[in-house]
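First the structure, in the form of C-alpha coordinates, and then the observations on it.
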Amino acid sequence: MSIAKKQYKRITVKSLVEMKANGEKISMLTAYDYTMAKILDNAGLDVLLVGDSASNVMAGHETTLPITLDQMIYHASGVVRAIERSLVVVDLPFGSYQSDPKEALRSAIRIMKESGGHAIKLEGGSEIKESIKRILNAGIPVMGHLGLTPQSIYKFGTYTVRAKEEEEAQKLMEDALLLERLGCFAIVLEKVPAKLAEKVAKSLTIPVIGIGAGNGVDGQVLVTHDMIGMTHEFHPRFLRRYLDLFADMTKAFEQYVSDVKSKDFPNENEQY
Ligand code: KIV
(Lines give C-alpha, C1' and ligand atoms only; values in the text may rest on other atoms or scores of the structure.)
Protein backbone atom coordinates (compact mmCIF):
# COMPACT_ATOMS: atom_id res chain seq x y z
CA MET A 1 0.00 0.00 0.00
CA SER A 2 1.34 3.47 -0.88
CA ILE A 3 2.19 5.94 1.89
CA ALA A 4 -0.49 8.26 0.51
CA LYS A 5 -3.14 5.52 0.62
CA LYS A 6 -2.54 5.17 4.35
CA GLN A 7 -2.31 8.87 5.04
CA TYR A 8 -5.13 10.35 2.96
CA LYS A 9 -8.69 8.97 3.00
CA ARG A 10 -9.64 11.24 0.12
CA ILE A 11 -7.24 13.13 -2.14
CA THR A 12 -7.99 16.82 -2.61
CA VAL A 13 -6.12 19.52 -4.48
CA LYS A 14 -4.74 20.57 -1.08
CA SER A 15 -3.39 17.06 -0.39
CA LEU A 16 -1.35 17.28 -3.61
CA VAL A 17 0.28 20.56 -2.62
CA GLU A 18 0.96 19.04 0.81
CA MET A 19 2.55 15.96 -0.79
CA LYS A 20 4.93 18.19 -2.72
CA ALA A 21 5.83 20.09 0.46
CA ASN A 22 6.53 16.75 2.20
CA GLY A 23 8.58 15.41 -0.69
CA GLU A 24 6.06 12.64 -1.47
CA LYS A 25 5.72 11.93 -5.21
CA ILE A 26 2.25 12.05 -6.77
CA SER A 27 0.95 9.09 -8.82
CA MET A 28 -1.43 9.82 -11.67
CA LEU A 29 -2.80 7.69 -14.53
CA THR A 30 -5.56 8.16 -17.08
CA ALA A 31 -9.02 6.60 -16.70
CA TYR A 32 -11.91 6.75 -19.11
CA ASP A 33 -14.42 4.27 -17.69
CA TYR A 34 -15.96 2.87 -14.50
CA THR A 35 -14.27 -0.55 -14.44
CA MET A 36 -10.71 0.69 -14.96
CA ALA A 37 -11.26 3.58 -12.53
CA LYS A 38 -12.37 1.13 -9.83
CA ILE A 39 -9.12 -0.84 -10.19
CA LEU A 40 -6.96 2.30 -10.26
CA ASP A 41 -8.67 3.86 -7.24
CA ASN A 42 -8.34 0.59 -5.31
CA ALA A 43 -4.63 0.42 -6.22
CA GLY A 44 -4.01 3.77 -4.51
CA LEU A 45 -3.57 6.16 -7.44
CA ASP A 46 -3.60 9.73 -6.15
CA VAL A 47 -5.05 11.29 -9.29
CA LEU A 48 -7.14 9.85 -12.12
CA LEU A 49 -7.02 11.95 -15.27
CA VAL A 50 -9.95 11.69 -17.62
CA GLY A 51 -7.67 12.73 -20.45
CA ASP A 52 -8.73 13.81 -23.89
CA SER A 53 -6.36 10.99 -24.93
CA ALA A 54 -9.67 9.07 -24.77
CA SER A 55 -9.99 10.40 -28.32
CA ASN A 56 -7.04 8.18 -29.35
CA VAL A 57 -7.34 5.30 -26.89
CA MET A 58 -11.10 4.79 -26.70
CA ALA A 59 -12.30 6.14 -30.05
CA GLY A 60 -9.32 5.39 -32.33
CA HIS A 61 -8.81 8.94 -33.60
CA GLU A 62 -5.35 9.99 -34.73
CA THR A 63 -5.35 13.12 -32.51
CA THR A 64 -7.10 14.43 -29.41
CA LEU A 65 -8.91 17.11 -31.42
CA PRO A 66 -12.17 15.33 -32.35
CA ILE A 67 -13.40 14.43 -28.84
CA THR A 68 -16.36 16.56 -27.72
CA LEU A 69 -17.38 18.03 -24.39
CA ASP A 70 -20.37 15.66 -24.23
CA GLN A 71 -18.07 12.67 -24.79
CA MET A 72 -15.65 13.87 -22.08
CA ILE A 73 -18.58 14.23 -19.67
CA TYR A 74 -19.72 10.68 -20.51
CA HIS A 75 -16.24 9.25 -19.79
CA ALA A 76 -15.77 11.31 -16.63
CA SER A 77 -19.18 10.34 -15.18
CA GLY A 78 -18.25 6.65 -15.21
CA VAL A 79 -14.89 7.37 -13.58
CA VAL A 80 -16.46 9.49 -10.83
CA ARG A 81 -19.01 6.75 -10.03
CA ALA A 82 -16.12 4.32 -9.40
CA ILE A 83 -13.86 6.25 -7.07
CA GLU A 84 -13.65 6.38 -3.29
CA ARG A 85 -10.33 8.09 -2.81
CA SER A 86 -8.59 9.41 -5.94
CA LEU A 87 -8.92 12.99 -7.19
CA VAL A 88 -10.61 13.08 -10.61
CA VAL A 89 -9.28 15.69 -13.05
CA VAL A 90 -11.08 16.10 -16.38
CA ASP A 91 -9.59 17.56 -19.57
CA LEU A 92 -11.41 20.42 -21.27
CA PRO A 93 -11.41 19.19 -24.88
CA PHE A 94 -10.20 21.14 -27.90
CA GLY A 95 -12.74 23.77 -28.97
CA SER A 96 -14.45 24.03 -25.58
CA TYR A 97 -12.32 26.85 -24.12
CA GLN A 98 -10.18 28.53 -26.77
CA SER A 99 -12.62 31.09 -28.20
CA ASP A 100 -13.32 33.17 -25.09
CA PRO A 101 -13.30 33.08 -21.28
CA LYS A 102 -17.10 32.87 -21.01
CA GLU A 103 -17.16 29.76 -23.19
CA ALA A 104 -14.31 28.30 -21.12
CA LEU A 105 -16.23 28.85 -17.91
CA ARG A 106 -19.43 27.38 -19.38
CA SER A 107 -17.51 24.25 -20.45
CA ALA A 108 -15.82 23.88 -17.07
CA ILE A 109 -19.15 24.26 -15.27
CA ARG A 110 -20.72 21.58 -17.47
CA ILE A 111 -17.89 19.18 -16.58
CA MET A 112 -18.22 19.83 -12.85
CA LYS A 113 -22.05 19.73 -12.82
CA GLU A 114 -22.71 16.86 -15.22
CA SER A 115 -19.79 14.52 -14.47
CA GLY A 116 -19.05 15.26 -10.81
CA GLY A 117 -15.30 15.59 -11.54
CA HIS A 118 -13.21 17.46 -8.98
CA ALA A 119 -11.06 19.67 -11.21
CA ILE A 120 -10.39 20.49 -14.85
CA LYS A 121 -7.19 20.55 -16.90
CA LEU A 122 -6.48 22.71 -19.93
CA GLU A 123 -3.52 23.23 -22.24
CA GLY A 124 -1.57 26.48 -22.57
CA GLY A 125 -0.12 29.45 -20.71
CA SER A 126 -0.43 33.21 -21.17
CA GLU A 127 -2.71 32.84 -24.24
CA ILE A 128 -5.51 31.43 -22.08
CA LYS A 129 -4.83 33.45 -18.94
CA GLU A 130 -8.26 35.16 -18.89
CA SER A 131 -10.08 31.84 -19.25
CA ILE A 132 -8.11 30.31 -16.39
CA LYS A 133 -8.88 33.31 -14.17
CA ARG A 134 -12.60 33.09 -14.92
CA ILE A 135 -12.75 29.36 -14.17
CA LEU A 136 -10.79 29.79 -10.94
CA ASN A 137 -13.05 32.68 -9.89
CA ALA A 138 -15.99 30.29 -10.12
CA GLY A 139 -14.32 28.04 -7.54
CA ILE A 140 -13.24 25.34 -10.00
CA PRO A 141 -9.72 23.95 -9.43
CA VAL A 142 -7.52 24.14 -12.52
CA MET A 143 -4.55 21.98 -13.52
CA GLY A 144 -2.34 23.49 -16.24
CA HIS A 145 -0.59 21.60 -19.06
CA LEU A 146 2.61 22.89 -20.72
CA GLY A 147 5.35 21.53 -22.98
CA LEU A 148 3.97 19.19 -25.61
CA THR A 149 0.30 20.15 -25.76
CA PRO A 150 -1.37 17.63 -28.10
CA GLN A 151 -4.35 19.90 -28.86
CA SER A 152 -1.86 22.13 -30.77
CA ILE A 153 -0.31 19.26 -32.72
CA TYR A 154 -0.98 20.87 -36.09
CA LYS A 155 0.92 23.99 -34.95
CA PHE A 156 3.94 21.93 -33.77
CA GLY A 157 3.77 19.44 -36.64
CA THR A 158 5.29 16.59 -34.60
CA TYR A 159 5.12 14.91 -31.18
CA THR A 160 8.86 15.47 -30.52
CA VAL A 161 10.38 16.87 -27.31
CA ARG A 162 9.46 20.51 -26.66
CA ALA A 163 11.44 23.45 -25.20
CA LYS A 164 14.91 22.22 -26.18
CA GLU A 165 15.82 25.73 -27.35
CA GLU A 166 16.43 28.52 -24.85
CA GLU A 167 13.63 30.79 -26.11
CA GLU A 168 10.93 28.14 -25.78
CA ALA A 169 12.34 26.97 -22.42
CA GLN A 170 12.16 30.53 -21.10
CA LYS A 171 8.55 30.94 -22.30
CA LEU A 172 7.66 27.64 -20.64
CA MET A 173 9.18 28.77 -17.33
CA GLU A 174 7.30 32.10 -17.53
CA ASP A 175 4.04 30.28 -18.27
CA ALA A 176 4.57 27.89 -15.35
CA LEU A 177 5.16 30.80 -12.97
CA LEU A 178 2.08 32.55 -14.38
CA LEU A 179 -0.11 29.46 -13.87
CA GLU A 180 1.01 29.27 -10.25
CA ARG A 181 0.36 33.00 -9.73
CA LEU A 182 -3.12 32.70 -11.23
CA GLY A 183 -3.97 29.95 -8.73
CA CYS A 184 -3.65 26.63 -10.60
CA PHE A 185 -3.18 23.76 -8.13
CA ALA A 186 -0.77 21.73 -10.32
CA ILE A 187 0.80 21.59 -13.76
CA VAL A 188 1.40 18.72 -16.17
CA LEU A 189 4.68 19.03 -18.09
CA GLU A 190 4.76 16.83 -21.16
CA LYS A 191 7.86 15.76 -23.10
CA VAL A 192 10.39 18.40 -22.10
CA PRO A 193 14.08 17.97 -21.13
CA ALA A 194 14.47 16.55 -17.61
CA LYS A 195 16.76 19.40 -16.49
CA LEU A 196 14.24 22.06 -17.49
CA ALA A 197 11.38 20.14 -15.84
CA GLU A 198 13.35 19.89 -12.60
CA LYS A 199 14.12 23.60 -12.71
CA VAL A 200 10.42 24.39 -13.17
CA ALA A 201 9.42 22.05 -10.31
CA LYS A 202 11.99 23.66 -8.01
CA SER A 203 10.73 27.16 -8.89
CA LEU A 204 7.10 26.39 -7.95
CA THR A 205 5.31 25.46 -4.74
CA ILE A 206 2.48 23.75 -6.65
CA PRO A 207 3.20 20.21 -7.91
CA VAL A 208 4.59 19.59 -11.38
CA ILE A 209 3.52 16.22 -12.75
CA GLY A 210 5.62 14.94 -15.61
CA ILE A 211 5.11 12.69 -18.61
CA GLY A 212 8.41 12.26 -20.42
CA ALA A 213 9.87 14.99 -18.18
CA GLY A 214 12.29 12.99 -16.03
CA ASN A 215 12.44 12.23 -12.33
CA GLY A 216 13.11 15.70 -10.92
CA VAL A 217 9.41 16.64 -10.90
CA ASP A 218 6.80 16.07 -8.19
CA GLY A 219 4.84 13.24 -9.74
CA GLN A 220 4.34 11.11 -12.84
CA VAL A 221 1.47 10.48 -15.22
CA LEU A 222 1.11 7.92 -18.02
CA VAL A 223 -1.70 6.79 -20.26
CA THR A 224 -2.96 3.64 -18.51
CA HIS A 225 -3.59 1.65 -21.69
CA ASP A 226 0.04 2.27 -22.74
CA MET A 227 1.59 1.33 -19.37
CA ILE A 228 -0.35 -1.94 -19.18
CA GLY A 229 0.49 -2.75 -22.80
CA MET A 230 -3.05 -2.84 -24.17
CA THR A 231 -1.83 -0.50 -26.89
CA HIS A 232 1.28 -1.76 -28.62
CA GLU A 233 2.06 0.52 -31.57
CA PHE A 234 3.40 3.33 -29.38
CA HIS A 235 7.00 3.14 -28.07
CA PRO A 236 8.20 6.50 -26.73
CA ARG A 237 11.35 6.39 -24.59
CA PHE A 238 9.50 7.64 -21.49
CA LEU A 239 6.97 4.80 -21.47
CA ARG A 240 7.56 1.95 -19.01
CA ARG A 241 5.32 -1.03 -19.77
CA TYR A 242 4.24 -2.90 -16.64
CA LEU A 243 2.25 -5.57 -18.48
CA ASP A 244 1.89 -6.90 -21.99
CA LEU A 245 -1.89 -7.10 -22.03
CA PHE A 246 -2.14 -7.00 -25.81
CA ALA A 247 -0.35 -10.36 -25.95
CA ASP A 248 -2.01 -11.81 -22.84
CA MET A 249 -5.52 -10.79 -23.90
CA THR A 250 -4.96 -12.03 -27.44
CA LYS A 251 -3.95 -15.41 -25.98
CA ALA A 252 -7.08 -15.54 -23.81
CA PHE A 253 -9.40 -14.58 -26.68
CA GLU A 254 -7.77 -17.12 -29.00
CA GLN A 255 -8.25 -19.77 -26.33
CA TYR A 256 -11.94 -18.82 -26.01
CA VAL A 257 -12.46 -19.07 -29.78
CA SER A 258 -10.79 -22.46 -29.77
CA ASP A 259 -12.84 -23.68 -26.75
CA VAL A 260 -16.12 -22.61 -28.37
CA LYS A 261 -15.25 -24.17 -31.74
CA SER A 262 -14.10 -27.43 -30.16
CA LYS A 263 -17.21 -27.54 -27.89
CA ASP A 264 -14.92 -27.61 -24.84
CA PHE A 265 -16.78 -24.55 -23.48
CA PRO A 266 -19.11 -24.69 -21.64
CA ASN A 267 -18.53 -27.93 -19.74
CA GLU A 268 -20.96 -29.65 -17.34
CA ASN A 269 -20.02 -27.39 -14.43
CA GLU A 270 -20.55 -24.27 -16.50
CA GLN A 271 -24.22 -24.89 -17.31
CA TYR A 272 -27.57 -25.13 -15.49
O1 KIV B 1 -4.98 13.39 -22.27
C2 KIV B 1 -4.06 12.88 -21.61
O3 KIV B 1 -3.97 11.67 -21.43
C4 KIV B 1 -3.06 13.78 -21.03
C5 KIV B 1 -1.85 13.14 -20.43
C6 KIV B 1 -0.95 12.62 -21.47
C7 KIV B 1 -1.16 14.05 -19.50
O8 KIV B 1 -3.20 14.96 -21.10
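Counting convention: from 1, in listed order, for ligands and their atoms alike. Nothing fancy with the numbering, it's 1 onward along the sequence. Given the structure is predicted, the values throughout are model-derived calculations rather than measurements. All values below were derived from every heavy atom in this structure, side-chain atoms included, with hydrogens, water molecules and symmetry-related copies excluded.
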Residue list, ring pair (Phe, Tyr, Trp, His ring centres under 6.0 Å) with Phe246, at least two apart or on another chain: His232
Heavy-atom gap Met28 to ligand 1 smaller than 4.0 Å: no
Close approach of Glu123 to ligand 1, heavy atoms, under 4.0 angstrom: no
Quick one: do [X] and [Y] make a salt bridge, cutoff under 4.0 Å?
X	Y	result
Lys202	Glu198	yes
Glu130	Lys133	yes
Glu174	Lys129	no

Side chain, backbone, both or neither: Thr30 near ligand 1, heavy atoms under 4.0 Å: side chain
Ile211 and ligand 1 - part of the residue with a heavy-atom distance under 4.0 Å: side chain
Min N/O separation Tyr32 to ligand 1 under 3.5 Å: no
Among all protein heavy atoms, pick the one closest to [atom] and tell me residue, atom and distance.
atom	answer
atom 7 (C) of ligand 1	Leu49 CD2, 3.7 Å
atom 8 (O) of ligand 1	Lys121 NZ, 2.9 Å
atom 3 (O) of ligand 1	Ser53 OG, 2.5 Å

Partner set under side-chain hydrogen bond (donor to acceptor under 3.5 Å, both in side chains) for Asp70, not counting sequence neighbours: Arg110
Per-atom contacts of ligand 1 with His145, taking only distances under 4.0 Å to non-hydrogen atoms: 8 (O)
Within-4.5 Å side-chain heavy-atom neighbours: Asp52 and Met72: yes
Lys155 and Thr149 side chains, donor-acceptor separation under 3.5 Å: no
